[in-house]
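These notes concern the structure reproduced below.
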Amino acid sequence: MRINFPDSSTKEYDAGTTGLEIAGDISPGLARNALIVRFNGELLGLSEPLHEDGSIEILTFRDEEGKKALRHSCSHLMASAVLKLYPGTRFGIGPSIDDGFYYDFDIQDFPGISVFGEIADEMKRQIKENIPFIRKEMSYEEAVVLFEEKGEKYKLELLKELRDAGESISVYSLGGFVDLCRGPHVRSTGYMKNFELLSTAGAYWRGDEKNKMLTRIYGTVFDSSKNLKEHLSMLEEAKKRDHRKLGPELGLFKIGGDGGPGLVYWLPAGTIVREELENHWKKAHVKAGYQLVSTPHIAPVELWKTSEHYYYYRDNMYFLNMDKGEYALKPMNCPGHIIIYRNSKRSYRELPMRLAELGMVYRYEKSGVLHGLMRVRGFTVDDGHIFCTEDQIVEEIQKVVRFALYFLKIFNFGYKIELSLMDPADPDHYAGKPEEWMKVEPALARALDEMGEDYRTVIGEAAFYGPKIDIKMKDALGRYWQGPTIQFDFNIPQRFNLTYVGTDGQEHRVFMVHRALYGSVERFIGNLIEHYAGNLPCWLAPHQVVILPITKSQLGKAEEVESILTSSDIRCSIDGRSETVGYRIREAETSKIPFMLILGEREVESDTVSLRIHGSGDRGSMKLDEAIEIVMAGCRRPELP
RNA sequence: GCUGGCGUAGCUCAACUGGUAGAGCAGCUGAUUUGUAAUCAGCAGGUUAGGGGUUCAAGUCCCUUCGCCAGCUCCA
């Protein structure tokens, strides 16, 4: 049979040759690293004999599919160990996830994390035995008999679904553990030496809270102990950077408790961070052609009915009953901006009209989902709404994408872009006319293409009211977060009958885009804290400079320096307490103040100052002017776009 | 919301099977005038998250409410 390789070379093999043999033929190294193969688009195990001509790709841990196969395999291994230790266990599902895998078990009286050691030991034992995964295809009826015998009610449920979907049935056995599974898997347990069991949690069968809660065990596995260690230390580092710990420590904010769950109280230092971010945002928006507006926190329920939020978002809204009418706290800013757009008859000459507001919104979130600044009940959306004509769509989208990337660049975030389109199989799910979708979806793709940006298209992920572009931002630990989002809306312009008068004197339906760049100011600050491990860029630092006179006799000079810096808009203070210099430096370091200026007798005499920079230590003495120049340059706000 | 875990001073943590709530840091007062990550001494700080119960006796055991954490579902 003739086999094609990704580099478009071709080679002849005997029918029945396996993927592993082909990998070995290319190089012993590849055979060692190979996990699975992709043959004619289908993922297969390495030991499966190939019988026809086709193209092959040998997949290793570096390939997403290879990584998934290893992790998924490890979930089987863990399940096999659990079965050995807890024979009555029933099995749910055990997929690979972003950074590892999990398996859901129905175990009677599971003691919890304390038995991870035993499970891990059993896994290691099975790894040493190097037990092979054995794949078997069978009919639905055979599979039903097999799993009924074992009392695997969850598997039987899955089986029925597979049958209804007309899928073929395959099972994999690993020693005594037999699982319904499409595969593929790595060849044997010997591949999974570098695993770690991480945590346990409850999870409902099929994610439905009406179902029984199963015990979920999370773990991860890597191709090398080095990579495993790196990952585990990243998790440690993430814990250290947790904004819920750093934020209160640095005096930035307090959340919840007496103040109410999910509600943020910004302390003075945190308020400075917020104001800096918001001021920069406002200036940048004005420069980018937005008009700033401001809308009330509450609005009559009628407005939310027209916008339809009342019907599909009611469970997340707070209501107020006053006077004769009912009001709701705004969960979104759009209706407010609509009121402003509709305030007068609009002409094409006014378009594109870009309205922007840092609008505080309130959403009732279930208590269990609250999480630091990332998930709260009151937050500030850096909202913007663009009203434009069809011809302006591509250019406006490009402007917004560029603008969003500008904000990510300021903070050195990486990013990836996702374009979410409608599901053509389910057209009734969506608001707006099909022809509007037909116009806008290709325009979004074209906007990104023309900019040369890479993006992933996700079919069926569009909001019901329109397609969207989501930018995921990548932080210093390589984690992705929800970042800027740009969403078309066909629903609101229709519901509110938003129009403009065109050159032809006729009224036309306006196109509308929602966009948020920080997303939520609160969440964004949470991201910044973790991204920078609390060492915010100097322009955001609540306290930028502390001046440390060594003795009281330098106080006069210290005040002189302070007034120079203060008049240049630098946030600084003098720490003249009668503590040792070491003590005061330590305190400045732990509170992450970027610059320390130390003044002793020597410095005062020579009109110099000793500069110390947070994290990098003593910079020695220098002319006062020079030090001030360094501080001012360090604290300079980012250039506007 | 659901399942599980947790809740002791502003923070980090002690208090054996129920038997007088205790330290370090931070705070305050005083001494010290200091040269690049912790000077010394003293003082103060608590209805052990709130409520109820069992007991001669509850931080500890039971019930309940609240809050926090992990996960599920959802999401900016």
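As the structure is a computational prediction, the values presented were derived from the model and not from experiment. Note on naming: letters A, B, ... go to the chains in the order of the sequence lines (proteins, then strands), and numbering restarts at 1 for each one.
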> With sequence neighbours left out, which residue pairs that include part of residues 246-262 of chain A fulfil the side chain to side chain donor-acceptor pair (under 3.5 Å) condition?
Replying inline: none
> In whole Å, what separates the P atom of B:rU60 from that of B:rC68?
Replying inline: 22 Å
>> According to side chain to side chain contact (heavy atoms under 4.5 Å, CB included), who are the partners of A:Tyr480, at least two apart in sequence or on a separate chain?
In response: A:Lys416, A:Lys472, A:Lys474
> Does any residue of residues 578-601 of chain A have a heavy atom under 4.0 Å from RNA chain B, and if so, which ones, in number order?
Replying inline: A:Ser578, A:Glu579, A:Thr580, A:Val581, A:Gly582, A:Tyr583, A:Ile585, A:Arg586, A:Glu589, A:Thr590, A:Ile598, A:Gly600, A:Glu601
>> Can you tell me which residue among A:Arg241, A:Arg479, A:Arg523 is in a salt bridge (charged side-chain N to carboxylate O under 4.0 Å, His left out) with A:Glu530?
In response: A:Arg479
> If the C1' atom of B:rC16 is compared with that of B:rU54, how far apart are they to the nearest Å?
Replying inline: 23 Å
>> Is the ring pair A:Tyr364/A:Tyr318 parallel, tilted or perpendicular, if the boundaries are 30 and 60 degrees?
In response: perpendicular
> Using the P atom in both, what is the distance from B:rC6 to B:rC62, to the nearest Å?
Replying inline: 11 Å
> A:Leu228: what forms a side chain to side chain contact (heavy atoms under 4.5 Å, CB included) with it, not counting sequence neighbours?
Replying inline: A:Asn194, A:Glu196, A:Thr220, A:Phe222, A:Leu232
> A:Ile107 CD1 to B:rG4 P: how many Å, rounded?
Replying inline: 15 Å
>> Going by purine N1 to pyrimidine N3 plus the second Watson-Crick contact, or the G-U wobble pair, all under 3.5 Å, which nucleotide sits opposite B:rG24?
In response: B:rC11
>> Strictly by ring-ring contact (aromatic ring centres under 6.0 Å, His included), give each pair with a member in residues 580-626 of chain A just once, sequence neighbours left out.
In response: none
> Distance between the C1' atoms of B:rA9 and B:rC28, in whole angstroms?
Replying inline: 15 Å
> Any ring-ring contact (aromatic ring centres under 6.0 Å, His included) pairs touching residues 200-219 of chain A, not counting sequence neighbours?
Replying inline: A:Tyr102-A:Tyr218, A:Tyr154-A:Trp205
> Tell me: CG of A:Asp104 to P of B:rU3, nearest whole Å?
Replying inline: 17 Å
> What ring-ring contact (aromatic ring centres under 6.0 Å, His included) pairs are there with at least one residue in residues 232-272 of chain A, not counting sequence neighbours?
Replying inline: A:Phe253-A:Trp266
>> For the C1' atoms, the ones on B:rG51 and on B:rC13, what distance do you get once it is rounded to whole angstrom?
In response: 27 Å
> Distance between the C1' atoms of B:rG50 and B:rG7, in whole angstroms?
Replying inline: 12 Å
> So which nucleotide does B:rU54 pair with, by the Watson-Crick or G-U wobble rule with both distances under 3.5 Å?
Replying inline: none
When you compare the protein's N or O atoms with those of nucleotides 43-48 of chain B, which come within less than 3.5 Å of each other, and at what distance?
none

>> For a quick check, with a 4.0 angstrom heavy-atom cut-off, what is the B/S/- contact string for nucleotides 64-76 of chain B, read 5' to 3'?
In response: ---SSSSBBBBBB
>> Going by the rule side chain to side chain contact (heavy atoms under 4.5 Å, CB included), which residues pair with A:Lys240 if we only count those two or more places apart in sequence or in a different chain?
In response: A:Glu237
>> Can you classify the ring geometry of A:Phe413 versus A:His531 as parallel (below 30°), tilted (30 to 60°) or perpendicular (above 60°)?
In response: parallel
>> Taking the nucleotide of RNA chain B with the nearest heavy atom to each, does A:Thr551 or A:Gly620 sit closer to the 5' end?
In response: A:Thr551
List every contact pair, protein side and nucleotides 6-13 of chain B side both N or O, where the distance is under 3.5 Å.
none

> Say you pick atom C1' in B:rG27 and the same atom in B:rG45; how far apart are they, in whole Å?
Replying inline: 9 Å
> Taking the P atom of each, how far is B:rU29 from B:rA23, in whole Å?
Replying inline: 22 Å
> Who passes side-chain hydrogen bond (donor to acceptor under 3.5 Å, both in side chains) against A:Tyr103, sequence neighbours left out?
Replying inline: A:Lys155, A:Asp179
> Once you round it to whole Å, what is the distance between P of B:rA37 and CG of A:Leu548?
Replying inline: 12 Å
>> I need the CD-P distance between A:Gln554 and B:rU36, as an integer number of Å.
In response: 14 Å
